[in-house]
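Note sheet for the following structure.
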Amino acid sequence: MKANALHIAVASGKGGTGKTTLATCLAAVLAKRGKSVAYLDCDVEEPNGHIFLKPQISKTTEVEVLIPKVDLDKCTFCGECAKICEFNAIAVLLDKVMVFPSLCHSCGGCFHICPERAITEIPRPIGTIADGIGMGVRFIEGRLNIGEAMAPPVTTRIKHNMPDMDVTIIDAPPGTSCPVIEAVRDTDFVVLVTEPTPFGLNDLQLAVGMVRSLQLPFGVVINRSDLGDDRVVKYCADEKVDVMMQIPFNRALAESYAVGKMIDGLAPELTDDLTHMYDTIESRVAHD
Ligand code: SF4
Ligand code: SF4
């Protein structure tokens with residue numbers, strides 16, 4: 001890995017805060033500044049970083065997980081596989097064994113416990129990873145197949161194959177559940193994007209609890225900062241949380257990113273603010 005390589009996650013306690021806009025703009029601004037930058041879209045249920053970075057995709061690979069397949073000629077219907085499965089993904093009846101692929105977490109428990117070696121593991125595709133370049137940024141997007149619920153294996157695959165760049169921006173899914181933790185863990189810094197509303201504050205509090213429990217350094221960006229109240233700012237002051245950027249609502253900007261234009265080309269002050277935010281992150285990580 002490059003010396004001083006920085007891995008920055010951009011997350012939010014809820015959707016619709018402008019997280020992806022910020023993550024893609026930060027990536028594009030840093031690439032323009034001459035850094036080698038990767039943007040990883042780990043919001044695998046609804047990846048939309050491509051709308052902003054408009055990448056040329058050069059490679060798409062399938063993500064597979066292993067699920068059990070039972071050979072009924074060897075099976076004695078002893079029920080051990082169903083007993084060990086914490087997820088009720090395998091059920092043993094009088095004369096058949098049923099596997100529920102969408103519930104299976106691919107832990108391998110049933111495979112290992114079967115006394116008759118009646119279980120083999122077979123691959124099941126659950127999503128894809130697209131790899132390309134857009135706006136000078138290496139673009140990697142995970143996408144869960146429609147109807148699939150198991151996001152973490154796709155995120156894990158993206159992170160295992162991370163390119164070695166100066167800066168890697170990880171666009172995490174919204175919320176504070178397992179897929180978010182998978183996306184943000186092992187990063188150097190987390191940017192939490194929120195908005196100054198009661199819902200924004202509530203979700204920010206949950207997100208702050210998550211990053212604190214993971215012991216990750218973090219800061220907050222308040223989007224549409226002039227449209228709500230000051231409770232988020234007060235909360236951050238009380239909790240000694242660094243508010244790294246406040247972005248006032250701007251109709252022209254909102255219309256631009258609604259059609260997928262990069263905001264940095266429209267608003268030089270945002271480019272400056274993003275650059276300043278990055279410098280602050282770099283210095284905080286260096287001194288932690
Ligand atoms: S543990 Fe093996 S032998 Fe027992 S029910 Fe399951 S598949 Fe059949
Ligand atoms: S691999 Fe694990 S989760 Fe899947 S059916 Fe077997 S025991 Fe259950």
Side-chain angles (χ1 to χ4, degrees), residues 7 9 11-15 40-47 59-131 140-162 170-187 190 203 206-207 209-211 213-216:
H7 297 86
S12 64
K14 72 183 196 66
L40 312 185
D41 199 340
C42 294
D43 191 355
V44 301
E45 285 183 52
E46 213 171 332
K59 191 170 76 168
T60 302
T61 46
E62 207 155 50
V63 179
E64 296 174 332
V65 292
L66 293 175
I67 60 163
K69 180 167 187 266
V70 178
D71 179 347
L72 291 181
D73 290 336
K74 293 184 181 170
C75 178
T76 57
F77 308 100
C78 68
E80 290 300 318
C81 51
K83 254 194 250 167
I84 201 173
C85 182
E86 285 179 43
F87 307 100
N88 297 321
I90 188 163
V92 181
L93 307 178
L94 278 182
D95 59 353
K96 64 177 162 185
V97 180
M98 295 172 73
V99 174
F100 305 99
S102 61
L103 299 180
C104 176
H105 283 54
S106 307
C107 71
C110 55
F111 168 76
H112 288 290
I113 205 158
C114 177
E116 308 300 332
R117 300 206 165 275
I119 296 180
T120 49
E121 292 179 299
I122 57 167
R124 184 173 83 89
I126 59 162
T128 51
I129 293 179
D131 196 328
I140 300 177
E141 174 203 85
R143 186 176 286 268
L144 206 56
N145 290 345
I146 291 168
E148 290 293 342
M150 224 62 84
V154 180
T155 308
T156 305
R157 185 69 62 82
I158 300 172
K159 291 180 79 179
H160 272 170
N161 296 312
M162 255 190 306
I170 295 147
D171 191 350
T176 52
S177 58
C178 295
V180 186
I181 291 169
E182 185 60 31
V184 305
R185 74 188 171 91
D186 304 327
T187 56
V190 183
D203 294 326
L206 295 174
M210 175 189 72
V211 288
S213 70
L214 293 169
Q215 299 185 320
L216 293 168

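Remember, it's 1-based here, ligands and their atoms both numbered in the order they're listed. This is a predicted model, so every value here is computed, not measured.
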Ignoring hydrogens and angles, write down the donor-acceptor pairs under 3.5 Å from the side chains of residues 66-74, residues two or more places apart or on other chains.
| unit_1 | atom_1 | unit_2 | atom_2 | d |
| --- | --- | --- | --- | --- |
| Asp71 | OD1 | Asp73 | N | 2.9 |

What are the two closest non-hydrogen atoms of [X] and [Y], and how far apart are they?
{"X": "Leu216", "Y": "Arg185", "answer": "CD1-CA, 4.5 Å"}
{"X": "Cys110", "Y": "Ile119", "answer": "O-CD1, 3.5 Å"}
{"X": "Asn145", "Y": "Thr128", "answer": "OD1-N, 4.4 Å"}

Protein N, O or S atoms lying under 2.8 Å from atom 4 (Fe) of ligand 1, listed by chain and number: Cys78 SG
Sequence neighbours excluded, every pair satisfying side chain to side chain donor-acceptor pair (under 3.5 Å) that has a member inside residues 88-113: none
Taking atom [atom1] of [X] as the centre, does the number of heavy atoms from other residues, nucleotides or ligands within less than 6.0 Å exceed 12?
{"X": "Ile146", "atom1": "CD1", "answer": "no"}
{"X": "Glu80", "atom1": "CD", "answer": "yes"}
{"X": "Glu46", "atom1": "CD", "answer": "no"}

Donor-acceptor pair, side chain of Lys159 and main chain of Cys42, under 3.5 angstrom: no
For ligand 1, the portion of Ile119 having any non-hydrogen atom under 4.0 Å away: side chain
Distance criterion under 2.8 Å: protein N/O/S atoms around atom 4 (Fe) of ligand 2: 1
Sub-4.5 Å side-chain heavy-atom contact between Met210 and Ile181: yes
